[in-house]
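Residue indices begin at 1 and follow the sequence shown. Each ligand, and each atom within it, is numbered from 1 in the order the structure gives.
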Amino acid sequence: MAKRKLMMLGPPGAGKGTQAKLLSERLSIPHVSTGDMLREARRKGTPMGQEAARYMDGGQLVPDEVVIGIVRERLAEEDAQAGFILDGFPRTRPQAESLDAMGIVLEAVLNVRVSDDEVVRRLGGRLSCPACGRVYHEAFSPPTVSDTCDTCGHLGLIKREDDRPEAIRERLKGYWAQTNPLVEYYESKGVLVDVDGEREPVDVERQVVDAVQ
Ligand SMILES: [Zn+2]
């Protein structure tokens, strides 16, 4: 019987979202991405979405109590009762403790390891279309015609501030200070599984599938 109460841990750019989606389909359990939920709530203009938007627009992290509130509601839904894959939560020790306080016991925490230099290489090559928002990568998924959006034809792809190497290094500092301590937290609970995130995608997927058996 596969483990079904799961969490993806790892730095930005590790491929957590991709792996979580694959596992979600394979195990028929929901992919609970706090980033997706916040963006969705914001798009719909719910009270929680409006509150989150205030922080996001100010370039701040959404506070723990807001994030914890949306995760609690999401995990109470019918489709999450048989299992789920958390992606982007918990991100801090207080968030991890709040999950414990909800009585939710994770069965496996998949720690996708990728070096800082590799994260910078992956995220630093991103290009965005300012007209439609589509994201490309200089090396891995360039547009068909140089500097031109495949989707909308806009000429002139841009590198967002967030995707500049200095900005990525800054985000990584936050990851190492706030989120990486969760490795030890879940190791002590005996549920941590390391995944080498720098291998070929199909090999990363195999490690992830093995980890939940
Ligand atoms: Zn476009």
Side-chain angles (χ1 to χ4, degrees), residues 8-26 30-62 66-67 70-71 74 84-89 91 110 112 114-175 179 195 197-205 208:
M8 308 296 302
L9 188 61
K16 299 186 297 292
T18 305
Q19 293 302 329
K21 277 195 195 81
L22 291 168
L23 257 191
S24 159
E25 284 163 22
R26 185 180 281 262
H31 171 201
V32 177
S33 158
T34 42
D36 288 352
M37 287 192 294
L38 286 169
R39 280 186 290 273
E40 173 76 359
R42 178 186 183 143
R43 197 180 57 75
K44 286 185 179 160
T46 65
M48 189 273 293
Q50 288 174 12
E51 185 173 0
R54 283 210 314 273
Y55 294 99
M56 287 151 69
D57 292 342
Q60 291 172 283
L61 282 180
V62 180
V66 177
V67 182
I70 63 165
V71 171
R74 181 64 187 87
F84 49 78
I85 305 163
L86 292 172
D87 172 13
F89 182 93
R91 176 165 284 182
L110 285 73
V112 186
V114 176
S115 70
D116 284 7
D117 286 345
E118 175 66 10
V119 170
V120 172
R121 195 172 76 87
R122 290 181 184 182
L123 299 184
R126 289 210 293 208
L127 295 170
S128 308
C129 171
C132 74
R134 179 158 170 192
V135 177
Y136 298 87
H137 193 284
E138 289 164 348
F140 311 137
S141 56
T144 311
V145 178
S146 169
D147 210 27
T148 306
C149 181
D150 290 352
T151 302
C152 74
H154 181 87
L155 177 64
L157 302 178
I158 56 166
K159 186 162 285 192
R160 298 184 321 163
E161 277 308 313
D162 281 4
D163 294 332
R164 296 186 187 280
E166 319 79 70
I168 297 164
R169 299 254 179 220
E170 205 51 46
R171 243 186 300 160
L172 280 167
K173 269 190 218 162
Y175 171 79
T179 308
V195 171
E198 293 199 16
R199 298 206 201 157
E200 292 298 312
V202 56
D203 195 16
V204 176
E205 189 185 356
V208 165

Next item on the list: Hey, could you give me the CE/OG1 distance between Met37 and Thr46, rounded to the nearest 0.5 Å?
Entry: 11.5 Å

Check: Could you give the distance from NZ (Lys44) to CZ (Arg42), rounded to the nearest 0.5 Å?
Finding: 15.0 Å

Note to self: Let me check your reading of the structure: within less than 2.8 Å of the Zn ion (ligand 1), is there an N/O/S atom from His154?
What the structure shows: no

Notebook entry, point to check: With the Zn ion (ligand 1) at the apex, how many degrees lie between SG of Cys152 and SG of Cys129, rounded to 10 degrees?
Noted result: 100°

Notebook entry, point to check: Taking the Zn ion (ligand 1) as the vertex, how big is the angle to SG in Cys149 and SG in Cys132, rounded to 10°?
Noted result: 100°

Next item on the list: Find out whether Pro143 and Thr148 are in side-chain contact, i.e. whether some heavy atom of one side chain is under 4.5 Å from a heavy atom of the other.
Entry: no

Notebook entry, point to check: Knowing that exactly one of Arg122, Arg121, Arg126 qualifies, which makes a salt bridge (charged side-chain N to carboxylate O under 4.0 Å, His left out) with Asp163?
Noted result: Arg126

